[in-house]
Asker: 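The structure under discussion is supplied below as structure tokens; questions concerning it will follow.
In what follows, every chain begins at residue 1, and chains take the letters A, B, ... in the order their sequences are listed. Quick note: numbers below take in every heavy atom, side chains included, and nothing from hydrogens, waters or symmetry partners. Quick caveat: nothing in here was measured; it's all calculated off a predicted structure.
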Amino acid sequence: MSQRIVIDPVTRIEGHAKITLHLDDDGQVADARFHVTEFRGFEKFCEGRLFWEMPSITARICGICPVSHLMASAKAGDTILGVRIPTAAEKLRRLMNWGQIVQSHALSFFHLSGPDLVLGMESDPMQRNLAGLIALNPEFARDGIRLRQFGQDVIRLLGGKSIHPAWCVPGGVREPLSVEKRDEMLRRLPEAFEIIERALKLYKNEVVAKHRREYDVYGNFPSLFIGLVSNQGGLEHYDGLLRVMDSDGTILEPGLAPKRFREVIAEAVEPWTYLKMPYYKPYGYEGHAGLYRVGPLARVNLCDFAGTPKAEAELRLFRSNGRVVRQGFAYHYARLIEILFALEKIEETLNAPDVTNKHVRSQAEVNHLHGVGVSEAPRGTLFHEYWVDEAGLLQSVNLIIATGQNNLAMNRTVLQIARAYVAGQKLHEGLLNRLEHGIRLFDPCLSCSTHAAGQMPLTVELHGPDGELLDGLQRG
Amino acid sequence: METVVTLTLNGEMVSARADQTLLDVIREQKIDLPTLCHMQGLSERGGCRLCVVEVQGAPRPMAACVTPVTEGMVVRTHTPELEHQRRLVVELLLAERNHVCAVCVVNGHCDLQWAAAKLGVASVRYEYLHPDLTMDASHARFVLDHNRCILCTRCVRVCDEVEGAHTWDIAGRGIKTRVITDLSRPWGDSPSCTSCGKCVQVCPTGALFEKGATVAEMTKERDFVGWIIRGRTKREWTW
Amino acid sequence: MNRIELQAIADKEIERQQELKCRVLCCASTACLSSGGQEVRKALQDELKAAGLTKDVQVVATGCKGLCSRGPVVEVTGPAQERVLYANVTAEAAQQIVRQHLVGGQPVNDYRLDADSPFFTKQVRVVLSNSGIVDPERIEDYIARQGYAALGHALREMTPEEVCLAIRRSGLRGRGGAGYATGLKWDLVRKADGRDKYVIANGDEGDPGAYMDRTLMESDPHRVLEGMALAGYAVGAEQGFLYVRGEYPLAVKRLERAIKAAERQGVLGSRIFDSNFNFRVDIRIGAGAFVCGEETALMSSIMGRRGEPRPRPPYPAQSGLWNSPTLINNVETFGNIAPIILNGPEWYAAMGTEKSKGTKIFALTGNVNNTGLIEVPMGITLREIVFEIGGGIPDGRTFKAAQTGGPSGGCIPAEYLDTPVDYESLTALGSMMGSGGLIVMDDQTSMVDVAKFYMEFCMDESCGKCVPCRVGTAQMHRLLSRLIAGEASAADLATLEELCRMVKALSLCGLGQSAPNPILSTLKYFRAEYEARLKSGAAHGAPSQEAA
Amino acid sequence: MRAGLLVIGFGNPLRSDDGLGWRAAERLAETQPDTAVVTTHQLVPELAETLSECERAVFIDAADPAASGAEPGTVLVQDLVPRSPEPSAFSHHLDPAGLLAMAQTLYGYAPKAQLITVVGASFDFGEQLSPSVQAALEAIVRQINADE
């Protein structure tokens with residue numbers, strides 16, 4: 001009979017989730033499960049609607065990464081139409097996607113993980129929070145806000161609204177970029193560069209040194225990585241080819257057309273969670289052999305090069321201890337590199353002469369009854385797969401979200417942290433923090449598959465062999 | 001010879017031709033009265049009830065679009081009670097089908113939305129009926145989304161009275177009423193439809209729209225019916 | 001045909017009936033047929049044959065005698081016979097009646113009905129004077145009871161204007177529900193310009209529990225036809241339409257036979273009674289839409305269009321069928337015409353109250369001992385109807401309310417039992433006369449359930465044209481359902497009342513305008529029943545203060 | 001010069017009752033044109049700056065009936081004091097008190113603030129509120145307007 005530790009936190013937008021740790025008879029952590037307890041799929045809702053509406057519907061489902069859904073959905077639409085969208089349209093879509101990377105990564109690094117990173121895991125819990133962080137380093141917190149605002153402004157200037165831009169459509173985008181808006185973005189860029197460079201310095205000089213043990217433990221396990229690389233093998237967030245690599249650096253799949261993703265990704269279902277468990281198909285689900293990671297760490301590991309000068313320099317540093325970085329803690333660094341890369345690409349793209357070209361939309365009718373759209377969301381690869389009838393009405397919809405793809409890896413991370421830090425039958429604050437931080441590495445977001453409203457306190461329960469409650473912790 | 005009548009409109013004496021409806025006169029006087037089923041150039045239906053006005057001596061409010069003017073009529077158009085009742089009508093419409101403005105092709109260009117805004121309908125107190133409705137995207141150029149139809153029958157009337165095809169009609173009754181094409185066959189299979197698109201243009205909501213339009217993208221050309229009628233009757237073909 | 005020939009037919013028929021020893025009148029209306037009337041009639045005939053009495057005794061299939069809850073009803077009558085009524089007659093009972101009563105001369109007391117009970121004595125049968133007595137499939141039987149005499153008289157002795165005047169002076173008001181003065185309406189159509197005019201009899205009776213028109217059409221179809229012909233003469237129409245709902249196949253069959261017979265006899269068709277007046281009647285069968293009982297929707301249906309009401313004005317009298325002046329009256333209204341012409345308007349106006357003249361037929365149903373079809377003088381009290389004619393409430397329960405006017409009407413509570421039944425009094429109580437449904441409810445009835453029943457009916461039967469009725473009825477039904485499920489708050493009840501007022505005020509036609517009545521009237525008298533269903537402790541919308 | 005009232009409605013407007021915050025904020029914007037209104041899926045750090053620019057702030061949110069144990073439509077009003085923000089492991093959400101603390105520390109001022117929560121009934125896909133939540137919305141709007 002095994003014991004269970006249950007962490008049952010509640011999140012607002014992103015869904016109900018909890019973690020259970022299964023202890024064996026020796027009191028050792030045998031298994032870890034990341035549960036998603038509610039599922040409100042909107043796939044069903046979309047059936048019978050026109051695929052034309054999907055970008056705006058899916059973008060409205062999620063308040064966290066609307067742009068990613070917008071991209072994947074519009075691209076799925078492109079393939080149903082069978083069009084190659086105009087060059088300017090692709091540039092504009094990429095710009096918006098990079099804006100999204102900047103604002104989302106900034107939130108994750110500066111505000112969500114910031115207190116742990118800057119103040120240290122074992123620091124006084126009364127201080128180790130955003131307030132403590134702000135008190136210690138208000139400049140850091142303000143930097144985060146300014147960087148987020150830049151990312152949001154890029155999205156807003158393109159799409160009209162910072163949330164829910166209905167601007168990206170099958171066939172391209174709805175509005176070209178005006179010269180005034182382009183100049184406004186360019187004007188805001190230098191400050192963003194300053195901020196990200198300060199953050200990189202802080203990370204490299206202070207954070208890593210302060211978290212040697214966490215760096216070694218958190219999510220440090222061999223796994224596969226999956227993500228997009230550009231057609232040339234560079235860092236990529238919008239299009240390109242699917243690459244699969246293991247943590248030794250062996251490339252299992254150099255570049256698969258995304259529409260063939262089902263050749264490498266299959267989805268398993270577990271009774272204890274509504275979130276599906278995607279795995280690398282050739283390795284199978286048995287024993288979680290097909291476990292893989294997506295997101296910043298995966299992308300930065302997968303690419304052959306970054307493709308922009310500053311990011312390229314950081315990438316070399318990132319890889320100073322080897323081609324592949326397995327430590328989950330490095331997600332933080334990868335995020336900063338991606339922000340830097342995104343800013344460089346935004347600058348490069350805005351300076352391209354054709355970015356303000358007026359031809360931004362291809363017109364076509366339904367030419368294919370099946371479409372796949374892929375994009376790199378801040379937290380990893382996102383697939384939209386649609387089947388339509390001749391009229392364009394959706395017959396079936398399947399979405400594979402990044403958080404789902406990291407599901408197995410998050411379980412593994414939680415297991416590792418628990419094995420390293422669980423001692424006896426008592427729970428302690430530090431464990432709770434570390435479990436949280438371990439999850440937070442992946443920056444999970446479940447709002448498109450789950451929801452919850454209201455705030456419940458974070459609770460941890462420790463159960464005895466027969467399920468009796470041994471200990472409990474509550475936060476909030 | 002035209003007969004002229006005099007009536008009192010919101011306390012003002014106004015004159016009108018005897019063959020005019022109350023709505024004609026109200027619009028002539030630049031009084032803003034919301035309508036949904038009315039459309040200049042089409043026969044009147046009197047179904048949406050938004051243009052109801054208070055006529056002295058009448059036991060209940062009268063729909064201005066179908067009420068002929070009469071001598072000595074005393075009419076009030078915007079009493080608090082009328083405004084309140086109009087709001088309830090719009091609330092009923094919003095709750096009747098699956099109107100999700102946020103993902104609608106005519107978001108921002110919708111007569112129902114305008115009426116709601118104009119009347120200050122900020123919320124709907126009725127339970128949404130959530131009917132299980134389909135879309136008909138079989139037509140090469142246009143789409144019918146029953147979820148957004150308010151059964152004003154402008155499509156039915158413009159098709160019958162202006163285009164002369166009578167492709168559209170109504171089937172069912174009560175809350176189960178639906179617009180249909182021909183004898184309820186898919187629009188794309190309709191032998192009578194001329195694909196002229198008049199129904200799409202007169203549709204007040206996003207129930208009829210052009211294929212390929214995405215959220216908030218579809219605007220409608222409402223004036224063309226009057227233009228066609230003027231052209232046919234007076235041989236004036238200028239805008 | 002002329003009036004002498006008509007009289008000859010009457011005389012011959014009367015003579016034939018006099019020669020019989022007796023006649024056995026078997027109700028052959030829908031209610032009695034459904035309780036075995038056909039078998040009873042066959043048993044009677046077989047038994048008479050066996051007894052060798054077929055020459056002396058005639059079995060007649062008649063219309064309704066009214067006491068439908070006790071059917072099949074059989075009446076034995078003859079020139080030298082005491083009138084004997086039998087109820088709940090079975091085939092065996094029929095054999096016994098032949099053997100014991102017709103052969104042996106001893107009435108069978110086990111099945112005998114007291115013909116002097118208030119159910120019969122309190123009624124005044126004007127419209128139903130032939131019902132249950134004549135064979136609806138034999139025009140001679142009708143003629144023998146002064147049938148078509150009124151038409152003959154009017155065509156020879158009266159101008160159309162005088163006919164209208166007679167109807168006006170009789171004080172007859174429309175029996176369809178609204179109670180508009182019939183004579184005035186006739187005059188409007190008579191005076192309207194138009195080459196073609198039409199007369200319509202509205203037999204699209206749709207209220208739940210109401211079957212007055214069906215019974216009249218089944219029991220005495222010629223009465224309706226004669227009324228229509230008189231109307232046609234009075235307003236200047238040569239074409240009549242009888243709009244019958246498709247659910248009344250027996251009525252349609254009997255009307256069709258009656259029209260053929262009347263045309264053969266020359267009382268319908270061309271040059272009626274050798275005058276210049278031509279009048280044809282065609283039957284139009286409805287397809288089961290309640291809304292087609294609304295006059296503009298009905299006309300739309302007759303013209304082959306979707307049965308939807310349209311705004312009035314113009315009224316049918318100005319512009320009806322094919323834009324021609326059209327007179328549209330209820331079937332029961334037409335049933336009153338011939339007696340008024342025959343007996344004079346003063347005779348008619350002597351019955352009833354000051355503003356509601358004559359008699360009214362009610363379909364008495366619900367928690368009452370004698371259910372059936374009754375015809376009573378206007379002004380009779382509800383108490384007389386329920387406790388004398390109806391014989392009171394069964395199972396020792398008490399009277400709670402009576403519902404009149406169907407889905408457009410309302411409930412009348414016990415405290416108003418002594419209210420005279422007339423148009424104005426019922427309207428003042430928040431109900432209405434309606435076409436004549438009268439449902440009695442005992443103390444076990446939930447008035448909220450009653451309201452929901454009617455609202456469901458209205459929701460299903462809304463034509464869908466105007467928003468208040470189409471969606472409003474659905475929302476009222478939702479709110480009632482939530483209330484009954486205990487899920488509604490006080491705010492929901494307020495929403496319901498507000499919605500009722502709006503639907504009443506803004507709906508396009510009478511159906512929508514009256515759809516909220518069942519709720520409004522039950523709320524008026526039984527509000528506590530609504531409040532008792534509210535969600536317990538439902539104080540929604542009141543923010544509570546709590547310090548963090 | 002600081003603006004007067006700031007209303008922050010948060011939640012997902014396409015998740016039925018979760019959209020309460022948005023609807024209430026939109027209503028207040030209509031009834032009181034000089035009210036500053038923010039509608040957002042989640043509370044994000046940059047709101048700290050906005051908060052520091054108003055006199056009084058009202059946060060409006062929907063609550064989970066299972067978590068709160070209260071009937072749908074129940075309204076709870078809490079006075080907020082700045083408190084250290086504690087982002088959850090799975091969330092990108094900051095709590096209102098935390099935002100106030102950020103405003104105080106980063107921008108030197110935190111307004112007087114309240115959190116109004118309404119227990120929701122349905123969180124399915126949809127734009128409309130369930131009737132009890134709708135009724136509560138009306139009450140909230142009345143209340144806030146009355147406070148002004």
Asker: Heavy atoms only, distances under 4.5 angstrom: which of B:T177, B:L92, B:I170, B:I175 has the most pairs with chain C? Name it, please.
Answerer: B:L92
Asker: Answer yes or no: is there an ion pair linking B:R154 with B:D111, defined by an N-O contact shorter than 4.0 Å?
Answerer: yes
Asker: Is it true that the side chains of C:Q475 and B:E91 contain a donor and an acceptor less than 3.5 Å apart?
Answerer: no
Asker: At under 4.5 Å between heavy atoms, what parts of residues 69-85 of chain B are in contact with chain C? List them by residue number.
Answerer: B:H84, B:Q85
Asker: C:E487 side chain to C:K535 main-chain N or O, any donor-acceptor pair under 3.5 Å?
Answerer: no
Asker: Using the salt bridge (Lys or Arg N to Asp or Glu O under 4.0 Å) definition, which of the options C:R310, C:R305, C:R306 pairs with C:E308?
Answerer: C:R306
Asker: Are there more than 12 heavy atoms of other residues, nucleotides or ligands under 6.0 Å from atom NZ of C:K524?
Answerer: yes
Asker: Counting heavy-atom pairs under 4.5 Å with chain B, which one of C:R312, C:M459, C:E498 comes out on top?
Answerer: C:E498
Asker: Go through the side-chain N and O atoms of B:R27 and B:T35 and say whether any donor and acceptor fall under 3.5 Å apart.
Answerer: yes
Asker: Pick whichever of B:T67, B:L88, B:I150, B:L93 has the most heavy-atom pairs under 4.5 Å with chain C.
Answerer: B:L88
Asker: Report, in residue-number order, which members of residues 40-53 of chain B are under 4.5 Å from chain C by heavy-atom distance.
Answerer: B:R45, B:G46, B:G47, B:C48, B:R49, B:V52
Asker: As an exercise, state the distance from SG of C:C463 to CG of C:L511, rounded to the nearest 0.5 Å.
Answerer: 8.0 Å
Asker: Going by atom types alone, do B:S192 and B:T167 pair a side-chain donor with an acceptor below 3.5 Å?
Answerer: yes
Asker: Between the side chains of C:R533 and C:D492, is the shortest nitrogen-to-carboxylate-oxygen separation below 4.0 Å, so that they form an ion pair?
Answerer: no
Asker: The criterion is ring-ring contact (aromatic ring centres under 6.0 Å, His included); which residues satisfy it with B:W187, sequence neighbours excluded?
Answerer: B:H139, B:F142, B:W168
Asker: Check whether C:E461 gets within reach of chain B through its side chain, its backbone, both or neither, counting any heavy atom under 4.5 Å.
Answerer: both
Asker: Check each of C:Y530, C:F453, C:Y454 against C:L480 using the side chain to side chain contact (heavy atoms under 4.5 Å, CB included) test, and report the only one that passes.
Answerer: C:Y530
Asker: Heavy atoms only, distances under 4.5 angstrom: which of C:R501, C:R482, C:K504 has the most pairs with chain B? Name it, please.
Answerer: C:R482
Asker: Do C:S431 and C:S521 have side-chain N/O donor and acceptor atoms under 3.5 Å apart?
Answerer: no
Asker: Taking non-hydrogen atoms and a cut-off under 4.5 angstrom, which of residues 286-302 of chain C neighbour chain B?
Answerer: C:G288, C:A289
Asker: Measure the CG-SG distance between B:N98 and B:C149 for me, rounded to the nearest 0.5 Å.
Answerer: 12.0 Å
Asker: I'd like to know if C:E424 and C:K355 make a salt bridge, using a cut-off of under 4.0 Å between side-chain N and carboxylate O.
Answerer: no
Asker: Identify the two heavy atoms, one from B:T205 and one from B:V106, that lie closest to each other, and give their separation to 0.1 Å.
Answerer: C-CG2, 3.6 Å
Asker: Would you tell me whether C:N517 and C:S514 have side-chain atoms, one donor and one acceptor, within less than 3.5 Å of each other?
Answerer: no
Asker: Under a 4.5 Å heavy-atom cut-off, does chain B meet the side chain of C:P311, its backbone, both or neither?
Answerer: side chain
Asker: Against the six-membered ring of C:Y248, is C:R245 placed for a cation-pi contact (under 6.0 Å from the centre, within 45° of the normal)?
Answerer: yes
Asker: By a 4.5 Å heavy-atom criterion (distance strictly below it), what part of C:S507 contacts chain B: side chain, backbone, both, or neither?
Answerer: backbone
Asker: Could you look at B:A171 and say if it's the side chain, the backbone, both or neither that has a heavy atom under 4.5 Å from chain C?
Answerer: backbone
